[in-house]
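So the structure is just underneath, and the comments pick up after that.
We count ligands from 1, going down the list as the structure has it; atoms in each ligand are counted the same way. Along the sequence shown, residues are numbered consecutively beginning with 1. Excluded from the calculations below are hydrogen atoms, water molecules and symmetry mates; all remaining heavy atoms, backbone and side chain alike, are included.
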Amino acid sequence: MNIPFLDLKAQYRSIKSEIEAKISEVISSQRFILGPEVEALEKELAAYCGVKYAVGVSSGSDALLSSLMALGIEPGDEVVTTPFTFFATAGAVARLRAKPVFCDIEEQSCNIDPTQLAHLLVQRIENQQNSKVKALIPVHLYGQCAEMEAIMDLAHKYDLFVVEDAAQAVGSEYLTRQGIKKAGSIGHLNILSFFPSKNLGGYGDGGLVLTNDEAMAAKLRMMRVHGSKDKYLYEFIGGNFRLDALQAAVLRVKFRHLEDWLKKRKEKAAYYDQLFKESRLAEKGFALPPQPIYKDSGINNYHTYHQYVIRAQARNQLQAFLKERGISTAVYYPLPLHLQKCFSYLGYKVGDFPQSEKASSQVLALPIYPELTQDQQDYIVASIKDFYFKK
Ligand SMILES: Cc1ncc(COP(=O)(O)O)c(C=O)c1O
């Protein structure tokens, strides 16, 4: 059996006629830059995520960069985030010559650890004269929200901005004191990515900034056209951070299917959970993704399984074994950011963030997508059992 890690062609086959009709509508209109499709997508996603404003931009990376620019992050400012994330989270900080400051993750969720974050902020803010810490970027890794309540409490205490990196978590939910909220609706400026493999992915790059702050939304709308509101007059220096109309049109078609696709992802994850629990893999140091909590709270999308990530002993050997069996898997991420060459100037070393380092040696993302069949999942789990028990 051959099981791809992700099967976007199967998804395309299921929506081909809708997509092609929409693309040809945009081409007939010859409106490719911003315009009605982008505006409509912004409205639809703002409503879905539960915020007042959404600003379509060129990628998730540019959503982070333009958000930090809009917040006025400057050279020398410090922005605290996790080292166990995609490069862009910290890359956006460094591109502004601000300093990424890393805080380790919780073992279970792989998201930033609020207890360690609290300690770090005491050291960086309370124990220092001129604190440079300006913002926090929690990442909702794999589709599960970071502990936003604790993070927002710290942000209020120290007067910091929060930029939720919800690139992997469109539609995920989190239980706050005010009730259930969607990923991207809790921080000040929050971002989504529409990279093709994301749960809501375009046919190219794209991203979105979500906010309840009207002035920030207006600033971002200028930021994405070089800092201009009136043609050829520039109030500040922005960039070309626009979302293409064609991408917006594709995303609007796909958005109609999003809840159904998320439901199917959760079903696939539950089926993996069941199969793995019936196995004796826990004895082999094999761990499942965090299980849904708050079962009776009405929360629906506790985890949207952008990735279904297990923790495995002998991970690299397991991955190679599965490949021989025709099963593609992926490692997000093999080297935490504090150990990346490009960040060596920050002065971190091996051992600084033990949970992130351990996670990078153990995590393995298994195929998960709405079109994945039970037979395929049975085969994947049987192959994993063979690796541990038949060797
Ligand atoms: C956590 C995280 N942040 C930021 C990004 C950047 O998004 P994009 O690839 O759209 O630039 C990604 C996407 O890969 C991501 O996973």
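- Atom numbering of ligand 1 starts at 1 in the shown order; those under 4.0 Å from a heavy atom of Thr89 are 3 (N).
- Those atoms of ligand 1 with a heavy atom of Gly60 less than 4.0 angstrom away are 6 (C), 7 (O), 8 (P), 10 (O), 11 (O).
- Note: no N/O pair closer than 3.5 Å links Asp62 and ligand 1 by distance alone.
- Note: no N/O pair closer than 3.5 Å links Ala167 and ligand 1 by distance alone.
- Side-chain contact annotation: Gln144 with Ser109, donor-acceptor N/O pair under 3.5 Å absent.
- Considering only non-hydrogen protein atoms, atom 11 (O) of ligand 1 sits nearest to Ser61 OG, 2.5 Å.
- Comment: Arg13 does not engage Glu371 in a salt bridge, judged by the lack of any side-chain N to carboxylate O separation of less than 4.0 angstrom.
- The residues Lys16 and Glu20 are annotated as salt-bridged, a charged nitrogen and a carboxylate oxygen being separated by less than 4.0 angstrom.
- One finds no salt bridge joining Glu214 and Lys52 here, because no Lys/Arg side-chain nitrogen approaches an Asp/Glu carboxylate oxygen to under 4.0 Å.
- In summary, the atoms of ligand 1 found under 4.0 Å from a heavy atom of Thr85, numbered by their order in the structure, are 1 (C).
- Using a cut-off of 4.0 Å between Lys/Arg side-chain N and Asp/Glu carboxylate O, Lys263 and Asp260 are scored as not salt-bridged.
- Salt bridge annotation for Glu42-Arg221: present, with a cationic side-chain nitrogen under 4.0 angstrom from a carboxylate oxygen.
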Identify each donor-acceptor pair in which a side-chain atom of residues 198-211 lies under 3.5 Å from a protein atom, sequence neighbours left out, and give them as a table.
from	atom 1	to	atom 2	distance (Å)
Asn199	OD1	Arg265	NE	3.3
Asn199	OD1	Arg265	NH2	3.4
Asn199	OD1	His306	ND1	3.1
Asn199	ND2	Thr304	O	3.2
Thr211	OG1	His188	O	2.7
Thr211	OG1	Asp213	N	3.0

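- The single protein non-hydrogen atom nearest to atom 5 (C) of ligand 1 is Phe86 CD2, 3.6 Å, given as residue, atom name and distance.
- Any N or O atom pair closer than 3.5 Å counts here, and Lys198 shares at least one such pair with ligand 1.
- Between Phe343 and Phe87, the distance separating the two ring centers is shorter than 6.0 angstrom.
- Looking from atom 16 (O) of ligand 1 to the surrounding protein, the closest heavy atom is Gln168 NE2, 2.9 Å.
- Nearest residue to atom 7 (O) of ligand 1 from Ala169, Ser193, Gly201, Gly204 is Ser193 (criterion: closest heavy atom).
- Within the listing of ligand 1, atoms 1 (C) sit less than 4.0 angstrom from a heavy atom of Val139.
- By the 4.0 Å N-to-carboxylate-O rule, Lys358 lies close enough to Glu107 to be salt-bridged with it.
- By the 3.5 Å distance cut-off applied to N or O atoms, Asp205 is not counted among the residues near ligand 1.
- Looking from atom 3 (N) of ligand 1 to the surrounding protein, the closest heavy atom is Asp165 OD2, 2.7 Å.
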